[in-house]
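Chain letters run A, B, ... following the sequence lines, proteins first and then strands; every chain starts at 1. Worth saying up front: this structure is predicted, and the values here are computed from it rather than measured.
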Amino acid sequence: MAADKLRQEIVRVLQGMGVDDAGTIGLDRPRNPEHGDFASNVAMTLSKRLGRPPRQIAEEIVQRIDRGAAGVSDAEVAGPGFINFRLVQDYLHQGLAEILGRDAGYGRSEAGQGQPVNIEFVSANPTGPLHIGHGRQAALGDAVAELMAWSGWKVHREFYYNDAGEQIMRLARSVWARYQQELGNDVPFPEDGYHGDYVREIAREIVAEHGDRFRGDEGDEAVDAMRQFAVARLRAEQNRDLDDFRVRFDEFFLESSLYTSGQVEETIRRLRETGLTYEHEGALWLRTTEFGDDKDRVMVKGTGHPTYFLPDVAYHLSKWERGYHRAINVQGADHHGTVARVRAGVQALGLPAGYPEYVLHQMVLVMRGGQEVKFSKRAGGYVTLRDLFEEAGVDVTRYFFLMRRPESQLTFDLDLALEQSDRNPVYKVQYAHARMSSIFRRAGVTAAEIRAGDADLALLASPAESELVKLLLRFPEEVASSAEGHAPHGICAYLEEVAGAVNSWYHAGNLDPQLRVVGVPEELSRARLVLSRAVQIVLRNGLTTLGISAPERMDREESDT
RNA sequence: GCGCCAGUAGCUCAGCUGGAUAGAGCAACGGCCUUCUAAGCCGUAGGUCAUAGGUUCGAGUCCUAUCUGGCGCGCCA
């Protein structure tokens, strides 16, 4: 990559000036194009150390630099001591050829070296349909996973759920009550029960399957049958929702397995061995404050039952021991309270500080006509993920969930989501992609037939074209930084920038036919087709990292008016 | 009371982990369709980066305090 070559040359120059350990050389892309393609601030950061004014140091670097070795055509001192570099034009042409050559692989890197990373997300308990918060998490987790995969990590998508706890019992009691009511048995509905209509649906299905076998039966066996039926039924529904939302998992990890396999007991034993546990008022505590938690935590209650903390620790220990020395948990910000204690728990067992990593996302509001949408018919208290993507479409829903940084509250504007216009950023990006296909159809070529080697890329000489190529060449860095920062919204912003730039370039041809791709002299047309194809590859690859389709053609739905 | 997250244009949000004159989309205003699909483009206007200090060559970005909003602080799950 161009930056690496340049950085190496700067290091060489600095060594010649007696600086052997300059650290990482600051090299960034100025927003102002007049400041060149890259700018370095080394002269300023070294000023104090060398006891010389920054501009003087910058001058010396500029004089010593070997432009050919650095891959730049120009280097100059500017402002308080920046050095601005301009890349050789040839670099852009090689870059274009590389994009077409790598095609679906353009933007991938080997940074992760194939090491395993565990990405846990959604992790909904099977007590009801998935809601929009799960949806944001599904979109986020899947995109982070895909971006990590693009960065060379071996990604394992994991869904953790509690199939045996107190919430499940609440569900079972709720279903039991509805079942009795279906049979005309007037029993009270549990105070803390699940009120959604889906509970009645499940009760009816049990009636259909088992008849009145459990009528009036308050025994464990009856409630357990309800529990098993309801869990299986809701797990199947959640899987269907995720499937239709195009999110797949490699593993569903059951909390109950931590008990049946003895891992919970094993975790207690190992924690005791550390000497960091103590008994107080009949409970077993762990000194999590040793690792930065603000208070110690109970592991085993006075009743002899473990708290939730314990299986959490056992679970994350299991991730580590299954070989995932990197783990990312995507969770709602309302769970942030567990972060410090889980980390403290696994640190007590010798795992590194900062394991696992967290992406904590804020809540989602759905707005329609300026009003918050609060209820779905079936779920009762909340809007379901399915309601949302069936109305807005999977692509739009995923994109909207991803386009804001996780830490900011998300307002899902349903009116905007349904709009098929440039106001809707998903369509803007997808349409730019489809538009390239349209050009190819018009030119009578297929995408695969376009080859950089067949064209004279020096014909792409306008500033708009150079800037567009530079933008496309940024894509691999965008993928890398979005992956490392666990921040898919960066890709959204980037894609919108590319779409804007290519629309602008394309529309110049409206006013001036000589600027078109098709209908200009053949040599020129071939060069512009290469650029068009490169744009299309970047848009498609970017959408792919987000789990969003890149259509070849978009037909607008006719409106009623 | 303590902790986490946020506060940037009228609205929704970016801001590359400290760089040069703070950006984009929408909304507003003015232009552009016998079109390589106008689902678009060009131009204009819009800012005390919540507030007050501090750190340094340089702060929207880092530190401290304050204000506002959201969330979390159990031997709940």
What residues, two or more places apart in sequence or in another chain, satisfy side chain to side chain donor-acceptor pair (under 3.5 Å) together with [X]?
{"X": "A:Ser257", "answer": "none"}
{"X": "A:Gln263", "answer": "A:Ser261"}
{"X": "A:Arg404", "answer": "none"}
{"X": "A:Glu191", "answer": "none"}

Remember a base hit wins even if backbone is also touched, and classify A:Arg170 as base, sugar-phosphate or nothing at under 4.0 Å, heavy atoms.
-> nothing

Taking the same atom, [atom1], in [N] and in [M], what whole-Å distance lies between them?
{"N": "B:A52", "M": "B:C13", "atom1": "P", "result": "25 Å"}
{"N": "B:C71", "M": "B:C16", "atom1": "C1'", "result": "29 Å"}
{"N": "B:G60", "M": "B:C41", "atom1": "C1'", "result": "31 Å"}
{"N": "B:U8", "M": "B:G47", "atom1": "P", "result": "15 Å"}
{"N": "B:U61", "M": "B:A20", "atom1": "P", "result": "13 Å"}
{"N": "B:U44", "M": "B:G25", "atom1": "P", "result": "13 Å"}
{"N": "B:U17", "M": "B:C62", "atom1": "C1'", "result": "10 Å"}
{"N": "B:G15", "M": "B:G19", "atom1": "P", "result": "13 Å"}

Salt bridge (Lys or Arg N to Asp or Glu O under 4.0 Å) partners of A:Arg235, counting only residues at least two apart | none

Give the rounded distance in Å between these two atoms: [atom1] of [X] and [atom2] of [N].
{"X": "A:Tyr308", "N": "B:C76", "atom1": "OH", "atom2": "P", "result": "13 Å"}
{"X": "A:Leu171", "N": "B:A77", "atom1": "CG", "atom2": "C1'", "result": "14 Å"}
{"X": "A:Leu365", "N": "B:A6", "atom1": "CG", "atom2": "P", "result": "18 Å"}
{"X": "A:Asp415", "N": "B:G25", "atom1": "CG", "atom2": "P", "result": "22 Å"}
{"X": "A:Leu418", "N": "B:A39", "atom1": "CG", "atom2": "C1'", "result": "15 Å"}
{"X": "A:Gln56", "N": "B:C57", "atom1": "CD", "atom2": "P", "result": "17 Å"}
{"X": "A:Leu416", "N": "B:A39", "atom1": "CG", "atom2": "C1'", "result": "13 Å"}
{"X": "A:Leu511", "N": "B:G43", "atom1": "CG", "atom2": "P", "result": "12 Å"}

Heavy-atom pair of closest approach, residues A:Gln238 and A:Thr127 = NE2-N, 4.5 Å

Scanning both residues in full, the closest heavy-atom pair of A:Gly95 with A:Leu473 reads CA-CD2, 3.6 Å

Please work out which of the three classes, parallel, tilted or perpendicular, describes the rings of A:Phe412 and A:Phe400, given edges at 30° and 60°.
-> tilted

If only side-chain N and O atoms of A:Ser47 are considered, is one of them under 4.0 Å from the OP1 or OP2 phosphate oxygen of B:C57?
-> no

Side-chain donor-acceptor distances from residues 37-44 of chain A under 3.5 Å, at least two apart:
residue: A:Asp37; atom: OD1; partner: A:Lys470; partner atom: NZ; Å: 2.7
residue: A:Asp37; atom: OD2; partner: A:Leu87; partner atom: N; Å: 2.7
residue: A:Ser40; atom: OG; partner: A:Gly26; partner atom: O; Å: 2.8
residue: A:Ser40; atom: OG; partner: A:Val42; partner atom: N; Å: 3.3

Its contact letters, B for base, S for sugar-phosphate only and - for none at protein heavy atoms under 4.0 Å, make nucleotides 9-19 of chain B read ---SSSSB--B

Where RNA chain B forms runs of at least three Watson-Crick or G-U pairs (i with j, i+1 with j-1, under 3.5 Å), the stems are B:1-7 with B:67-73, B:10-13 with B:23-26, B:28-32 with B:40-44, B:50-54 with B:62-66

So which pairs with a foot in residues 435-448 of chain A pass salt bridge (charged side-chain N to carboxylate O under 4.0 Å, His left out), sequence neighbours left out?
-> none

So, A:Tyr161 versus A:Phe253, ring centres under 6.0 angstrom or not?
-> no

Do the two ring centres, one from A:Tyr160 and one from A:Tyr315, sit under 6.0 Å apart?
-> yes

Among all residues two or more places apart in sequence or in another chain, which pass the side chain to side chain contact (heavy atoms under 4.5 Å, CB included) test with A:Ser174?
-> A:Phe189, A:Pro190, A:Tyr194, A:Val199

Charged N to carboxylate O under 4.0 angstrom, A:Glu357 versus A:Arg326?
-> yes

Please figure out whether A:Ala39 or A:Ala434 has its closest RNA chain B nucleotide nearer the 5' end.
-> A:Ala39

5'-most by nearest nucleotide on RNA chain B - A:Val517 or A:Tyr427 = A:Val517

With A:Leu472 as reference, evaluate A:Val535, A:Ile537, A:Leu539 under the side-chain contact (heavy atoms from CB on, under 4.5 Å) test and give the passing residue.
-> A:Val535

Please list, by residue number, the residues of residues 532-543 of chain A whose heavy atoms come closer than 4.0 Å to an atom of RNA chain B; answer none if no residue qualifies.
-> none

Would you call B:U8 syn or anti, using the 90° rule around 0?
-> anti

Tell me whether B:C33 sits syn or anti, counting syn as a glycosidic angle within 90° of 0.
-> syn

Among the candidates B:A77, B:A6, B:C41, find the nucleotide nearest to the side-chain atoms of A:Ser504.
-> B:C41

Just the atom pairs and distances: protein N or O near nucleotides 71-75 of chain B's N or O, under 3.5 Å.
residue: B:C75; atom: O2; partner: A:Gly302; partner atom: N; Å: 2.8
residue: B:C75; atom: N4; partner: A:His280; partner atom: O; Å: 3.2
residue: B:C75; atom: N4; partner: A:Glu281; partner atom: O; Å: 2.7

Hey, are the side chains of A:Arg136 and A:Phe121 touching, using non-hydrogen atoms and a 4.5 Å cut-off?
-> no

